[in-house]
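First up is the structure itself, then whatever we jot down about it.
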Protein chains: 2
Amino acid sequence: MPRSGKEARARLEQAALELYLEHGFDAVTTAEIAARAGVTERTYFRHFPDKREVLFEGERRLTGWVTEALAAVPDEVAPWPAMRRAIDLIVPSLEESGRAGNRLAAIVATTPALRERAAAKEANLVALVAGLLVERGAPADEADLVALTEWGVLAHAIRTWRAAPGTPLQRHVDRAFALLGGLAGA
Amino acid sequence: MPRSGKEARARLEQAALELYLEHGFDAVTTAEIAARAGVTERTYFRHFPDKREVLFEGERRLTGWVTEALAAVPDEVAPWPAMRRAIDLIVPSLEESGRAGNRLAAIVATTPALRERAAAKEANLVALVAGLLVERGAPADEADLVALTEWGVLAHAIRTWRAAPGTPLQRHVDRAFALLGGLAGA
DNA sequence: GTCTATATCGCGATAGAC
DNA sequence: GTCTATCGCGATATAGAC
C-alpha cells in the first residue's frame, strides 16, 4: 500500500463521491468510505475534518481562481468594475468544470447538511473577495457590498446556466449584470 | 415545574443561550442544556432537531415578518420596488430586536458550525423571498436576482449598522441602496 | 424514555518514504 | 536515521430508532 498521503486522500475523495452518489449522503458511513479507499476510518479524519468536507475540494480550487483573477486586474480599477472583470476571467474555468459541478450540485441539493456547508463556503468566499478588494484600497463598506452583490450575480448566472446549458455561461453573466443594472439603477 | 411545552421550550432556549455564552458552543453538551432547563435530554431533542437549532428561533420570526411585509405590498408593484418597500416595512422590527440580535451574532460569529447554520438560513430566506415574488407574478429569473441582491443589501446594511449603531438602521439601508444604485447602474 | 449507531478525536506504536 | 502517514484502540456526544 502506498504511503503517500496524497494518494490516500485522492482515493478517499473518489470513494466518498461514488458512495454518496450510489446510496445517498446519509446512508454512507465514514467507515465505509475509508474501507473502499483501503485505509482506516481514523485516516479519513486525518485528511478531512468531517464527513462533508471531502466533497468540497473543488471549492478550494475556486478560491484560488478568484484570488488570481482579482490579482490580474490593475489596482487602479475601481472595486465594482474590478470584480466585474475578475468574474469574466474565471468564467472559462467555471465552464470547464461544469460537469463535475453539476454532479456535485445534485448531491448537495438533496442533503440539508451539505447545503449548509455549501452556503457557508459561499459566505466565506464573499468575505475573501471583500478582503481582497480592501487590500486593493477599497473602503470596507463598499468592498463588502460589491463582493456580496457581484458574487450573488455570478451565482445567479450559474443557476440560470444550469437551467439552460445550451447558452455559454458568459452570456448568462452578461445578461444578469444588465438586468441588475436596469433594476438597481432606476 | 410547568409541563407546558411552550414553557419548557422557552427555558431550553434561555438555558442554551446562557450556557453557550458562558462556556462557548463547543464546550456545552445538550445534556447540560436540558439539565439547566429542568428537562431530560430527550425532551430537548423533541423541541429542537439538533444542538444548533435552539439558537435560531429569532430567524423564524424573521421569515414571518418578510412574508407579511411582502404581502402588504400591492401586486401591481414590480419585484424590485416591491422588495424595496417590504424591506422598509421590516426595518422597524429588526431595529427593535437589535440587542438580542447582537448577542446572538456574537456567538454565531465565533463558531463555524453556527455560521454554517446561519448561512443556510439566509439562503433559505432568499429562496423564500424569490418564491413569494414569483407568486406575485415575477419571472423566476428576475425574482431570484432581486431576492438575492436586495436581501444582500439588507444584510450589508445590518452589518454596517452594527458597526455604527448610533445611526438608525433605515439610514444604513437607504445608504446601501443608493450606493448600489450608483455602482450597478453605471 | 431507553438503547444504540456512528461521527469525531486523543494517544502511543509502527512502518513506508527520503 | 528521521520524518510523517497510518494503524489500532478507546472515549464521548450527538442524533435517531425502538
Side-chain angles (χ1 to χ4, degrees), chain A residues 1-57 60 107-108 110-121, chain B residues 1-5 7-9 11-13 15-57 107-108 110-121:
Chain A
M1 284 172 244
R3 271 297 154 144
S4 119
K6 299 250 183 210
E7 274 195 50
R9 188 186 177 93
R11 283 207 312 277
L12 282 165
E13 271 185 64
Q14 184 65 25
L17 197 61
E18 290 169 7
L19 286 167
Y20 288 159
L21 277 171
E22 287 171 25
H23 308 117
F25 179 80
D26 291 327
V28 175
T29 71
T30 54
E32 288 166 353
I33 296 169
R36 183 174 294 204
V39 298
T40 68
E41 194 179 8
R42 192 67 187 78
T43 296
Y44 174 93
F45 282 105
R46 230 174 258 106
H47 284 281
F48 305 101
D50 58 43
K51 189 182 169 182
R52 290 170 245 174
E53 196 65 20
V54 67
L55 285 174
F56 291 92
E57 287 293 296
R60 294 206 319 163
I107 309 179
V108 171
T110 58
T111 312
L114 293 175
R115 299 209 315 188
E116 289 196 2
R117 178 62 53 88
K121 295 269 182 200
Chain B
M1 280 168 249
R3 279 285 148 165
S4 116
E7 273 197 52
R9 189 186 177 92
R11 284 208 311 279
L12 281 166
E13 272 184 64
L17 197 61
E18 290 169 8
L19 285 166
Y20 289 161
L21 277 171
E22 286 170 25
H23 309 116
F25 179 80
D26 292 326
V28 175
T29 72
T30 52
E32 288 166 353
I33 296 169
R36 182 173 294 202
V39 299
T40 68
E41 197 177 5
R42 183 67 179 78
T43 298
Y44 174 92
F45 282 105
R46 245 198 295 278
H47 285 281
F48 305 101
D50 58 42
K51 188 182 171 182
R52 290 170 243 174
E53 198 64 20
V54 67
L55 286 174
F56 292 93
E57 286 294 296
I107 309 180
V108 171
T110 57
T111 311
L114 293 176
R115 300 207 318 188
E116 289 196 2
R117 178 61 55 88
K121 294 270 182 199

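Please read all numbers here as calculations on a predicted model, not as lab measurements. Below, chains carry the letters A, B, ... as their sequence lines are ordered, and counting in each starts from 1.
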Q: Produce a footprint string for nucleotides 10-18 of chain D: one letter per nucleotide, 5' end first; B if the base is under 4.0 Å from any protein heavy atom, S if only the sugar-phosphate is, - if neither.
A: ---SBBSB-

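Evaluated for a salt bridge (charged side-chain N to carboxylate O under 4.0 Å, His left out) with A/E53, the options A/R117, A/R9, A/R60 yield exactly one hit, A/R117.
Rounded to whole Å, atom P of C/dA7 lies 8 Å from atom OH of A/Y20. Rounded to whole Å, the distance from NE2 on A/H47 to C1' on D/dA5 is 7 Å. Distance CG (B/D26) to P (C/dG10): 12 Å, rounded to an integer number of Å. Atom CG in A/L19 sits roughly 12 Å away from atom P in C/dA7 (whole-Å rounding). Whole-Å rounding puts the A/F25 CZ to C/dA7 P distance at 9 Å. Straight-line distance from the CZ atom of A/R46 to the P atom of C/dG10: 11 Å, rounded to whole Å.
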Hey, can you pull the donor-acceptor pairs under 3.5 Å for the side chains in residues 24-31 of chain A, sequence neighbours left out?
unit_1 : atom_1 : unit_2 : atom_2 : d
A/T29  : OG1    : A/A31  : N      : 3.4
A/T29  : OG1    : A/E32  : N      : 3.1
A/T30  : OG1    : A/E41  : OE2    : 2.6

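Judged by distance alone, the side chain of A/Y44 and the main-chain N or O of A/P49 form no donor-acceptor pair under 3.5 Å. Between the side chain of A/T111 and the main chain of A/V108, no donor-acceptor pair closer than 3.5 Å is present.
Here the shortest heavy-atom pairing between A/E13 and A/F48 reads CG-CZ, 4.0 Å. Heavy-atom minimum distance, A/I107 versus A/T110: O-OG1, 3.0 Å.
Taking 4.0 angstrom as the limit, A/T40 places none of its side-chain polar atoms (N or O) nearer than this to OP1 or OP2 of D/dT6.
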